[in-house]
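So the structure is just underneath, and the comments pick up after that.
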Amino acid sequence: MNLKCHDVIKIIEELAPKVLALEGDNVGLQIGDPDKEVRRVMVALDAVPAVVYEAIEKRVDMLITHHPFFYRPARNLRYDVPQGHITQLLIKNDIALYSAHTNLDCAIGGVNDVLCDVLELKNREVLDKGYEEGLKKVVVFVPKGYLDAVRDAMSEAGAGHIGNYSHCTFACEGIGTFKPLQGSNPFIGQVGKLEKAEEYRLETIVPESRLDAVIKAMLSVHPYEEVAYDVYPEDISYKIYGLGRIGELEKEMDFSEFACYVKNKLAVTFVRAIGKRDKKVKKVAVCGGNGTSLIQKAISKGADVMVTGDVGYHQAQDALAAGFSIIDAGHYGTEKVVVPYLAGYIRKKLHHADLEVMQSEIDIEPFSIF
């Protein structure tokens with residue numbers, strides 16, 4: 001099966017829909033043709049020169065990064081400066097560039113959930129709710145003999161999922177009436193004659209993001225020329241998305257022990273620890289990259305400590321004054337964990353296709369310790 005760039009993008013955006021991106025973020029296809037055929041994909045944190053040269057050497061067709069290459073509008077594309085030179089390299093070597101940034105941060109199963117997995121945090125929840133997806137109820141009337149086909153099509157498209165259960169629907173039998181008018185081509189009945197048909201009222205729940213796909217799937221297998229269906233709003237939250245997570249360690253530990261724990265789990269060369277060494281910690285807030293804007297949110301939710309990056313001097317002083325502890329494991333250290341996960345996700349989703357998925361082997365940590 002030959003894949004196009006847009007096929008890979010579709011899989012990524014099932015995990016991290018663009019609607020989750022924060023305002024002003026530039027996510028999506030940055031360079032390239034969505035119809036380009038792809039056989040080799042590489043995942044990296046950034047499209048820095050070393051990573052782009054690696055992609056060229058490995059004959060990659062598509063480079064997927066977390067950080068957008070064009071975060072702000074480019075004022076020029078001069079080839080004698082880094083941004084212009086990298087753009088030139090990507091275009092000359094026909095490498096498409098796609099970025100999933102804050103949408104991947106907020107996604108369920110994205111950066112922050114992977115960070116929680118690595119730190120083995122339990123009972124996690126979103127730290128800062130940003131987007132809440134609701135449910136819709138879809139009701140469709142189906143003639144006898146077609147109930148299973150319509151139910152299966154809707155369920156395979158994303159309807160009827162409750163917890164660890166799929167194909168959750170309810171059906172009741174009744175009599176439907178209709179009169180085919182001139183110009184119609186009825187599946188049942190005759191033009192100009194009132195028809196009574198044995199039908200089922202089939203109803204199920206659908207996440208808002210899957211509504212169009214479910215209706216399209218239902219219409220594709222329904223035998224009627226004109227399908228009667230209704231869509232009702234439900235005052236029920238389906239999924240909550242947002243920045244950061246808060247969860248719990250399996251067992252309480254001293255802050256100094258926890259600092260070493262984070263360093264080892266994230267496989268970083270150092271961490272910066274802010275707080276009393278003997279403080280007991282169990283409830284942990286995390287935010288990959290720069291989560292300093294969520295420190296107060298973490299405090300208000302009862303966290304003992306926060307793991308993030310890019311903590312400034314004054315933010316550290318404010319945390320100490322509040323009796324709050326922070327582990328700064330670096331922007332790179334708290335986000336690099338998503339690279340192997342995203343590569344594995346794409347590989348698993350497209351395992352049936354002729355696609356090689358790799359992760360960058362370049363260490364792009366910009367800081368050194370002397």
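If you're wondering where the values come from, they're calculated on a predicted model, not measured in any experiment.
The side-chain heavy atoms of Asp230 and Lys137, taken from C-beta on, include no pair separated by under 4.5 Å. Within the 4.5 Å cutoff, no side-chain heavy atoms of Ile346 are placed close to those of Lys349. You'll find the side chain of Met154 reaches within 4.5 Å of the side chain of Leu202, heavy atoms only. Contact of the Tyr200 side chain with the Arg151 side chain is not registered, since no non-hydrogen atoms from C-beta on lie closer than 4.5 Å. Contact annotation: the side chain of His101 approaches that of His67 to within less than 4.5 Å [non-hydrogen atoms, C-beta and beyond].
Heavy atoms of other residues, nucleotides or ligands lying less than 6.0 angstrom from NZ of Lys36 number more than 12. Other residues, nucleotides and ligands place no more than 12 heavy atoms under 6.0 Å from the CD atom of Glu57.
Linking Ile, Leu, Val, Met, Phe, Trp and Tyr residues whenever their side-chain heavy atoms come within less than 4.5 Å places Ile236 and Ile205 in a single cluster. In terms of hydrophobic clustering, with Ile, Leu, Val, Met, Phe, Trp and Tyr side chains grouped at heavy-atom distances under 4.5 Å, Val281 and Ile246 are assigned to different clusters. By the criterion of side-chain heavy atoms lying less than 4.5 angstrom apart, applied directly or through intervening Ile, Leu, Val, Met, Phe, Trp or Tyr residues, Phe258 is grouped together with Leu115 in one hydrophobic cluster. No continuous path of ILVMFWY side-chain contacts below 4.5 Å connects Val139 to Val142, so the two sit in separate hydrophobic clusters. Taking hydrophobic clusters as Ile, Leu, Val, Met, Phe, Trp and Tyr residues chained together by side-chain heavy-atom distances below 4.5 Å, Leu121 does not share a cluster with Met306.
Taken from CG in Asp254 to CZ in Arg277, the straight-line distance is 9.5 Å, to the nearest 0.5 Å.
Ion pairing between Asp304 and Lys279 fails under the 4.0 Å rule for side-chain N and carboxylate O. Of the charged side-chain nitrogens involved, at least one lies within less than 4.0 Å of a carboxylate oxygen, so that Glu120 and Lys265 count as a salt-bridged pair. Ion pairing of Asp354 with Arg39 is present here, as a side-chain N (NZ or NE/NH1/NH2) and a carboxylate O approach within less than 4.0 Å.
With sequence neighbours left out, Asp61 forms a side chain to side chain donor-acceptor pair (under 3.5 Å) with no residue at all.
A donor-acceptor pair shorter than 3.5 Å can be found between the side chains of Tyr332 and Asp363. Under the 3.5 Å distance criterion, with hydrogens and angles disregarded, no donor-acceptor pair is assigned to the side chains of Glu225 and Ser184.
In this structure, the side chain of Asp128 does not engage the main chain of Gly130 through any donor-acceptor pair within 3.5 Å. In this structure, Glu208 contributes its side chain and Gly134 its backbone to a donor-acceptor pair below 3.5 Å. Using modelled atom types, no side-chain atom of Thr334 and backbone atom of Ala329 make a donor-acceptor pair closer than 3.5 Å.
Using cut-offs of 30° and 60° on the angle between ring planes, the pair His85 and Tyr53 is tilted.
Proximity of the aromatic rings of Phe187 and Tyr146 is defined here by a centroid distance below 6.0 angstrom, and this criterion is met.
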- Would Arg124 and Asp117 count as a salt bridge (Lys or Arg N to Asp or Glu O under 4.0 Å) if you check the C-alpha gap in whole Å, the side-chain angles of each, and the deciding distance to 0.1 Å? CA-CA 10 Å; Arg124 71 188 68 163; Asp117 290 341; 2.8 Å; yes
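Residue Glu356 forms a side chain to side chain donor-acceptor pair (under 3.5 Å) with just one option from Arg59, Arg40, Lys58, and that option is Arg40.
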